Amino acid sequence: MEKNDLKEKVIVFGATFGLFLPVRLIFSAYVSEDWLGSLGIMSALAILLVVLIKFKKLGWFGVIFEKQMRKTIGGKTGKYLIGFAIFFLIYFGATLMFIDRGNTIYAEDAEIFYLAIMEKGGYNINDLSSYELIGPQLTYHQGSQNFNILYNFEYMFSIAYSVMNDMSNGWIEHLLVIMMVEQIELIGLLCFYRKLFKPISKVEITN
């Protein structure tokens with residue numbers, strides 16, 4: 001029974017994530033690059049999936065999907081999944097913020113690091129101390145040491161993510177936007193599924 005249950009979980013979650021993410025990528029790439037334009041795609045597919053399952057249009061897949069939703073999403077695991085989704089939403093949002101700051105506030109520094117890494121413009125990654133970087137020149141005399149440490153981390157992350165995004169020709173930022181929208185909809189869908197696919201109690205099974 002455990003092997004069959006594991007097999008069913010792999011089929012359900014593999015098919016679900018194998019459907020949602022590619023559709024989001026295709027829609028974002030060919031229909032609308034704006035994240036607001038792709039908002040609702042995942043929800044529409046999820047609702048369509050539920051309707052097809054309720055009307056018994058998906059055969060054996062619909063049966064095991066509903067079974068796994070009641071066992072997994074409807075129970076404690078569902079709460080953990082919502083928690084993970086919130087964590088990743090914060091992570092993706094913070095990363096996008098760092099990229100934006102690297103492209104705006106620290107744009108000149110990010111360009112120097114990028115050119116040095118790519119060995120362009122005569123910059124040398126091993127001799128960055130000789131270049132006029134904006135970041136190290138900014139000091140906070142009125143701030144505490146802890147604040148300065150936070151600033152240094154913020155500066156490093158902003159530069160690093162901005163450079164990586166430039167090296168990927170903007171694809172990192174594009175994927176992060178898609179994944180962040182995915183998490184927003186995922187949290188809503190998990191809450192919706194938890195209401196819809198409540199675990200069957202022993203009383204209901206007996207009746």
Side-chain angles (χ1 to χ4, degrees), residues 1-100 165 168 170-207:
M1 290 295 290
E2 291 183 359
K3 289 184 178 180
N4 290 334
D5 189 58
L6 179 60
K7 184 178 179 180
E8 289 178 358
K9 285 182 179 180
V10 172
I11 292 173
V12 169
F13 287 100
T16 303
F17 288 106
L19 171 67
F20 289 143
L21 185 56
V23 169
R24 174 85 73 195
L25 285 170
I26 293 171
F27 190 90
S28 298
Y30 297 104
V31 181
S32 175
E33 293 183 357
D34 184 8
W35 69 272
L36 282 171
S38 63
L39 188 63
I41 296 300
M42 184 177 172
S43 298
L45 287 174
I47 292 172
L48 176 62
L49 189 63
V50 169
V51 171
L52 292 174
I53 289 172
K54 290 298 181 180
F55 282 95
K56 312 294 183 183
K57 298 296 183 180
L58 295 182
W60 62 270
F61 177 78
V63 174
I64 65 172
F65 182 91
E66 184 169 356
K67 175 185 173 183
Q68 291 303 321
M69 288 300 102
R70 292 189 185 280
K71 291 180 63 176
T72 306
I73 304 300
K76 290 183 179 180
T77 305
K79 294 180 180 180
Y80 293 129
L81 290 175
I82 292 174
F84 279 120
I86 293 173
F87 169 79
F88 283 116
L89 175 62
I90 295 172
Y91 172 75
F92 294 140
T95 304
L96 284 171
M97 181 196 71
F98 287 134
I99 291 176
D100 179 69
N165 184 58
S168 70
W171 265 100
I172 290 179
E173 185 176 16
H174 182 67
L175 288 174
L176 283 170
V177 170
I178 293 173
M179 294 304 294
M180 191 174 75
V181 174
E182 198 93 354
Q183 299 309 307
I184 294 172
E185 289 199 75
L186 179 60
I187 293 169
L189 287 173
L190 286 172
C191 294
F192 171 69
Y193 276 179
R194 281 178 62 82
K195 292 286 186 180
L196 189 65
F197 298 112
K198 292 181 180 180
I200 300 175
S201 64
K202 293 181 179 180
V203 177
E204 290 177 308
I205 294 173
T206 304
N207 295 335

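Everything numeric in this text was worked out from a predicted model, so none of it was measured.
Closest non-hydrogen pair, Asn165 versus Trp171, comes out as OD1-N, 4.1 Å.
Taking CZ of Phe92 as the start and CZ of Phe87 as the end, the distance is 9.0 Å to the nearest 0.5 Å. How far CG of Leu52 is from CZ of Phe61: 10.5 Å, rounded to the nearest 0.5 Å. With rounding to the nearest 0.5 Å, the separation of CD in Glu173 from CE in Met180 is 10.5 Å. Taking CD1 of Ile172 as the reference point, atom OG1 of Thr95 lies at 9.5 Å (rounded to 0.5 Å). If you take CG on Leu81 and CZ on Arg194, they are separated by 9.5 Å, rounding to the nearest 0.5 Å. With rounding to the nearest 0.5 Å, the separation of CG in Leu96 from OH in Tyr91 is 10.0 Å.
For the pairing with Val181, the side-chain contact (heavy atoms from CB on, under 4.5 Å) check across Gln183, Glu185, Met179 returns one residue only, Glu185.
Taking 4.5 Å as the limit, every side-chain heavy atom of Leu186 sits out of range of all side-chain heavy atoms of Phe88.
For Ile86, the side chain to side chain contact (heavy atoms under 4.5 Å, CB included) test picks out Ile82, Ile90, Ile187, with sequence neighbours left out.
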